[in-house]
There are 2 protein chains.
Amino acid sequence: MTNTATAEPRRKRMPKAQRKAQMLDIAEQVFAERGYLAASMDEIAERVGVSKPMLYEYFGSKEGLLIGCIHRARTELLDRTQQAISGASTPEEILRLGLLAFFEFIGEHKQAWALLRQEAAVTVPSAVEEIEGIRRQQTDLIAAVIGSFDTDIDVIEAEAFAEIVVGSTERLALWCERRPEVGPALATTYVMEVVWRGVANRLTG
Amino acid sequence: MTNTATAEPRRKRMPKAQRKAQMLDIAEQVFAERGYLAASMDEIAERVGVSKPMLYEYFGSKEGLLIGCIHRARTELLDRTQQAISGASTPEEILRLGLLAFFEFIGEHKQAWALLRQEAAVTVPSAVEEIEGIRRQQTDLIAAVIGSFDTDIDVIEAEAFAEIVVGSTERLALWCERRPEVGPALATTYVMEVVWRGVANRLTG
DNA sequence: TCAGTAGGTTACTCGAAGTAAGTTACCTCC
DNA sequence: GGAGGTAACTTACTTCGAGTAACCTACTGA
């Protein structure tokens, strides 16, 4: 009954990188399920099939584990976005494709997204920095797009516009969760309709 | 040395309402200073000059105390906004005055704003509801404004626009903290320039 | 002046983050 | 094919803070 015959690896040893990735997967899941506060390191460890000190070995602290999750998501998002806009030619197209990539990304990573946007933001100071890093990625990109559209625009104003785009997008992404009928394409359209028209209007008018 | 002569009230008794308000003041401060997680009930109690069980007597839990803070800020913000827009006549004016009131409020209540915006996203589920309540106040108002502007617009689209306005505003408010030269008036202008133009354009064009 | 109660305290439990010190599977080089 | 080095892992704690039970005290009015 309790035999472990014929290779039934209840807890197998793993190389570092693989274990680390697995930990991030599980942690992302548990954080999203329970929220950062309610999630316990013991539960995460148990689900991974490993003891708690291993988590500390790899990530240093609960906070560190959270940062790890966020950082991975950030990297992936950036990759996706850059790939998405690589085929674009006009500023409008860059913005549209970037937005679409973003909405698609969060559609696939609902849990991670809820974590990033709702919970992590507050609970852990260093998580805020990491999240701000994500936004910085986006605002820099957008400010550059706006700048390339019309080099006469005030730097501060371009920054403000970029912030507006990012804020709109984030907020709309959250709203989309309650509105399943609004997919990435429609969400992109909404943002473009309001914001791009507004920006273009400002620049040319 | 250690005497308490001539009415030196190290810890005075207080009527409930006054004590409660004092607790909220201190809690708001400590939450803002340390963040929700790092803030301890013991510290809050000590700063109030009262023992921990009193906090639990009045607010039930740490979460309850946070909700109390958020709720108070929410009420105040709503009052301010409603008063501000009471003199407006056109939808555009309503939006502009509402935005201005918002930016002014958060300029004056940085701590409360940090609570709303940062701590609010805290893992605490009911805090999230409170915060969502605030946004709902705003989005409902804005959706109504947009609806009154042109009743032909799709309900979903009006909602999306409202989310965009709120998202832009929130994000820009955060950005303003790093840009002291951008005051409430200029921030309002930025949002109106981009968003209102975008919305109006969509409605009429 | 003393009973009733609003306002307050001491001293605990319990659960989860974080850690010190020891253990086992796996590889490698003879 | 077994010694031995080390990467991967565990057990068994400490510590700290949220939450609570049970008790105390200053003020009120009849």
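Predicted model, so just to flag it, every value in this text is computed and none were measured.
Salt bridge absent: A:Glu57 and A:Lys20 never bring a charged side-chain N and a carboxylate O closer than 4.0 Å. Classification of A:Glu159 and B:Arg179 as a salt-bridged pair holds, one side-chain N sitting under 4.0 Å from a carboxylate O.
Side-chain contact, A:Gln22 with A:Arg19: a donor N or O sits under 3.5 Å from an acceptor N or O. For the residue pair A:Ser89/A:Glu93, the side-chain donor-acceptor check at 3.5 Å is satisfied. For the residue pair A:Glu28/A:His109, the side-chain donor-acceptor check at 3.5 Å is not satisfied.
Taking atom NZ of residue B:Lys62 and atom P of nucleotide D:dG17, one finds them 9 Å apart after rounding to whole Å. Atom CE in A:Met23 sits roughly 10 Å away from atom P in D:dA8 (whole-Å rounding). Atom OH in A:Tyr58 sits roughly 11 Å away from atom P in D:dA7 (whole-Å rounding). Here C:dT10 presents its C1' atom at 15 Å from CD of B:Glu46, a figure rounded to the nearest Å. A straight line from NZ of A:Lys16 to C1' of D:dA7 spans 8 Å, rounded to a whole angstrom. A straight line from CD of A:Glu57 to P of D:dA7 spans 10 Å, rounded to a whole angstrom. The CE atom of A:Met14 sits 15 Å away from the C1' atom of C:dC26 (whole-angstrom rounding). Going from atom CD1 of B:Ile44 over to atom C1' of D:dA18 covers 12 Å, rounded to whole Å.
Taking only side-chain atoms of B:Pro53, from C-beta outward, the nucleotide of D:dA18, C:dT9, C:dA17 with the closest atom is C:dT9. Set against D:dA7, C:dG8, D:dT10, the side chain of A:Arg13 has D:dA7 as its closest nucleotide. Comparing D:dC9, D:dT25, C:dT9 by their closest approach to the side chain of A:Ser51 singles out D:dC9. When the nucleotides C:dA17, C:dG18, D:dC9 are ranked by their closest atom to the side chain of A:Ser61, C:dG18 comes out on top.
B:Lys52 contributes a side-chain N or O that forms a donor-acceptor pair with the base of D:dA18 under 3.5 Å.
Residue contacts for A:Met41: at a heavy-atom cut-off of 4.0 Å it reaches the sugar-phosphate backbone alone, with no base atom in range. B:Ala39 comes within contact range of the sugar-phosphate backbone alone, with a heavy-atom separation under 4.0 Å but no base atom that close. When heavy atoms are screened at a 4.0 angstrom cut-off, B:Pro15 is found touching the sugar-phosphate backbone but no base atom.
Contact annotation: B:Arg19 reaches the phosphate of C:dG8 (side-chain N/O to OP1 or OP2, under 4.0 Å). Taking 4.0 angstrom as the limit, A:Tyr56 places a side-chain polar atom (N or O) nearer than this to OP1 or OP2 of C:dG18.
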